[in-house]
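In what follows, a single structure is set out as structure tokens and then discussed.
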Amino acid sequence: YKNEAAPLVVYESLSAGVPVIANDIGAISGILGPEMGLVRQDANFVDSARNMLTQDYDRIVSRSAARLRFEALRQRYARQLEELVQRLAT
């Protein structure tokens, strides 16, 4: 779905240690960060992704890096939720 701001599949992939290749739509580039996937905004996405895979394969296939990124996101969202709950309680 081209208008989805933060697709669940991005989080699911990272939690499973699978790097992501995606178009730069919505919050995807912010979720992935520069180190955890290929994010392109390109009319020729498939060719672009194929070229990037052949050039950056070692960086992209780092499963442990994907899991670390997911864990960092999980911790950040947990802190934000805790802060929100505390503000609402006061």
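This chain uses plain numbering: 1 for the first residue, then up along the sequence.
- Atom CG in L73 sits 8.5 Å away from atom CG in L32 (nearest 0.5 Å).
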Exercise answer: donor-acceptor pairs, residues 5-16 side-chain atoms, under 3.5 Å, sequence neighbours excluded:
residue	atom	partner	partner atom	Å
Y11	OH	Y77	OH	3.1
S13	OG	V9	O	2.8
S15	OG	Y11	O	3.4
S15	OG	E12	O	2.9

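- Applying the side-chain hydrogen bond (donor to acceptor under 3.5 Å, both in side chains) rule to pairs touching residues 81-90 yields E82-Q86, sequence neighbours excluded.
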